Every structure is written in C-alpha cells, then in structure tokens.
There are 2 protein chains.
Amino acid sequence: MASTAPHDGAVIERLIEVSFRVSGLLTRIAAANDVSLTQLRLLAMLRETRPRMAVLADRLGLDRSTISGLIDRAVTRGLVERVGNPDDARVVHVALTDAGRQLADLLHHEMAGAVAEITGRLGGAERADLLYLLDRMLDDLAHP
Amino acid sequence: MASTAPHDGAVIERLIEVSFRVSGLLTRIAAANDVSLTQLRLLAMLRETRPRMAVLADRLGLDRSTISGLIDRAVTRGLVERVGNPDDARVVHVALTDAGRQLADLLHHEMAGAVAEITGRLGGAERADLLYLLDRMLDDLAHP
DNA sequence: TATTGTTATACTCTATAACTATA
DNA sequence: TATAGTTATAGAGTATAACAATA
C-alpha cells in the first residue's frame with residue numbers, strides 16, 4: 001500500500017500541527033468576536049445554506065440535542081432564527097438574521113486574512129501546488 | 001504583496017476545510033477513547049516533554065485556570081501526575097503515568113492511521129511536495 | 001512586589017435519555 | 001410505528017476575578 005513511504009510520519013505530524021494552528025487561529029478570531037468556534041462554524045455554514053436541524057447536526061458532527069441548545073443561544077443573541085417548513089410541520093430550518101449575516105461576513109473576512117498569513121510567504125507556484133494537494137485530500141475524504 | 005494571487009481565496013477555504021476535517025477525525029478518535037480533543041492534545045504534548053503549568057497554558061492556548069481543571073481531571077483518571085520543582089516551590093510540572101503513556105501511544109498510533117487515510121492516495125512525489133509546503137507554513141508561523 | 005498556580009463562579013459545549021408533536 | 005426536534009440532566013471545557021504561597 002501507499003502508506004509505507006519514508007516521509008509518511010513527517011507528513012502526518014505536520015498536517016496535524018497545521019490543523020491545530022489553523023484551529024487556534026479560528027478560535028482566537030471567534031473569541032475576539034464573542035462567539036465560540038462552534039458558533040463560528042455554524043455562521044459560516046449559514047452564509048450559504050438554510051439547513052434544517054438534522055443537517056446541521058450531521059455537518060457539524062454534533063448530536064441533535066446539542067444543536068437545539070446551540071441554536072437557542074444564537075437566537076437569544078439575535079444571530080439566527082428558526083423557520084418552519086410548510087411541507088412537514090416537524091421540520092425546523094435555521095437562517096441568519098441581518099445581524100447574523102453581518103457578523104458571519106465579518107468573521108469570514110477575518111478568517112481569510114488570518115489564513116492568508118499562513119500561506120503568505122508561499123510563491124505563486126507553491127500556492128498552486130498547495131491548492132492541488134488540498135483538493136486531492138478533500139476529494140479522498142468525500143469519496144473514501 | 002504576495003497575498004493577491006488569483007487562487008488565494010480557494011487555498012484559504014481548502015485549508016480551513018482540511019483543518020476542520022482533521023479536527024473532526026481527531027475528535028472522533030479522542031471520543032472513541034473516552035477523552036476530549038483537549039485531553040488528546042495534552043497527552044500528545046506529554047509524550048515528549050514534562051512541562052510546567054504555564055507552558056501547557058501557552059502551548060494549548062488556554063488560561064492557567066483552565067489548565068488546573070484539565071490536569072485535575074486527568075489526575076483523577078490516573079493519566080498524569082503533578083511533579084514538584086526543587087528549584088522553585090511555586091512551579092508544578094506535569095508528567096504521564098504509565099497508564100497515561102499507554103493511552104498516549106495508542107492515540108498517536110490511531111491518529112497516524114487516520115491522517116494516513118487523508119494522504120493515502122497521494123503519490124510519493126506529491127507527499128514530498130506536501131511535506132515541503134507544510135514545513136514552509138509552520139516555519140512562517142514560528143517566525144512571523 | 002511580582003510570579004506561579006489554585007479556587008470560586010458563571011457560562012458554553014456536549015451527549016444520553018426521556019419526551020412531544022407530526023407523519 | 002417512525003421521524004424531527006426539544007427538554008432535563010450531568011459532566012467537560014473555558015475565562016475572569018480573587019486568592020495563597022513562594023520568590
């Protein structure tokens with residue numbers, strides 16, 4: 001199998017380390033804007049979609065009951081709202097409020113700036129290589 | 001500056017996505033072994049060093065008071081122990097117990113296996129490229 | 001006085017189990 | 001009966017502020 005190449009262990013350790021660094025950056029950005037990392041992930045998702053509770057649970061990797069509490073707190077803070085589904089009265093969708101969208105956009109901007117500092121000293125060709133490799137890895141995760 | 005290259009946004013989004021995926025993998029491995037992601041990071045650090053509380057706080061990006069609680073719970077579970085410092089009675093070091101080292105080694109093994117699945121389909125040359133790029137990024141983070 | 005670490009407090013995050021409402 | 005979501009509960013993680021012990 002492919003996993004016996006000599007530098008495998010080194011690649012793995014660096015990948016974990018970079019992931020921790022990126023998570024740390026994002027946690028700090030979230031904290032500076034008075035939200036948790038989980039709320040940041042939630043807001044990032046809601047910029048593009050208006051999912052129902054079960055989908056949020058699946059995508060964030062959390063239990064449905066956890067999502068209920070998460071959304072409760074976000075509603076209390078005026079960031080999101082619950083929206084009913086006319087086709088199935090059991091279903092609840094979640095959508096950004098105007099204030100929520102404003103914060104989500106701000107967070108996205110700050111995230112991009114922070115991560116740009118990580119990739120900032122790479123040259124154009126290196127960045128292209130990195131993009132290719134990241135896409136390969138994400139592909140593998142999507143189609144295991 | 002270098003941060004205006006055309007694919008920058010794409011690189012940033014992929015890097016965040018990969019980081020979330022890796023964090024998700026590690027969280028699942030931690031949960032399967034009945035520890036939190038923070039405990040997993042703690043145990044990973046302690047495999048190589050025997051740091052004092054303030055260093056743990058710094059490296060994990062947490063408040064000292066948070067570390068006190070974290071270590072309390074790890075001590076209760078028999079994973080680590082507090083060790084005094086003869087040169088300065090205020091200082092407390094943290095070290096793995098035998099059981100803690102066993103768990104830390106197991107977690108390390110499982111982490112390596114999981115991350116290997118992410119990098120598994122990359123060829124040898126691609127893996128070498130990835131290692132180079134990850135090192136460049138970690139270097140930049142260390143010497144900003 | 002300054003530093004190291006702990007404690008008290010309050011809030012968020014998280015899962016399990018039991019529940020309600022709808023299909 | 002099965003599914004979507006909520007609530008009750010309990011424990012972990014987290015920071016702020018106040019504190020004790022040591023330097």
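These values consider heavy atoms only, across backbone and side chains, with no hydrogens, waters or symmetry-generated copies. Quick caveat: nothing in here was measured; it's all calculated off a predicted structure.
- If you take CG of A/L42 and C1' of C/dT12, they are 14 Å apart, rounded to a whole angstrom.
- A single hydrophobic cluster is not seen to contain both A/V75 and A/V91; linkage of ILVMFWY side chains at heavy-atom distances under 4.5 Å, directly or through other members, places them apart.
- Looking at A/R127, its side chain does come within 3.5 Å of a backbone N or O of A/T119 through a donor-acceptor pair.
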Taking only distance into account, with no hydrogens and no angle test, what donor-acceptor pairs under 3.5 Å do side-chain atoms of residues 35-51 of chain A form with protein atoms, sequence neighbours excluded?
from	atom 1	to	atom 2	distance (Å)
A/S36	OG	A/T38	N	3.4
A/S36	OG	A/Q39	N	3.0
A/R47	NE	A/D105	OD1	3.0
A/R47	NH2	A/D105	OD1	3.3
A/T49	OG1	A/M45	O	3.2

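- The interatomic distance linking A/D34 (CG) with C/dA10 (P) rounds to 19 Å, in whole Å.
- Rounding to whole angstrom units, CZ of residue A/R28 and C1' of D/dT14 are separated by 15 Å.
- Residue A/A54 places its side chain closer to D/dG5 than to any other of C/dG5, C/dT7, D/dG5.
- The CE-P distance, from B/M53 to C/dT3, rounds to 19 Å in whole Å.
- For residues 77-94 of chain B, every residue pair satisfying the salt bridge (Lys or Arg N to Asp or Glu O under 4.0 Å) rule, not counting sequence neighbours, is listed here: B/D72-B/R82, B/D88-B/R90.
- Within 4.0 Å (heavy atoms only), B/R77 reaches no atom of the nucleic acid at all.
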*Taking protein heavy atoms under 4.0 Å as touching, what does nucleotides 13-23 of chain C look like 5' to 3' if B marks base contact, S marks sugar-phosphate-only contact and - marks none?*
SBBBB---BBS

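- At distances below 3.5 Å, at least one donor-acceptor pair connects side-chain atoms of A/S19 with backbone N or O atoms of A/L15.
- Side-chain atoms of B/R101 never come within 3.5 Å of backbone atoms of B/T97 as a donor-acceptor pair (strictly under, hydrogens ignored).
- Note: CG (A/D58) to P (D/dA4) measures 12 Å, nearest angstrom.
- B/N85 has its CG atom 13 Å from the C1' atom of C/dG5, to the nearest Å.
- Per the geometry, CG belonging to A/L56 stands 14 Å off P belonging to D/dA4, to the nearest Å.
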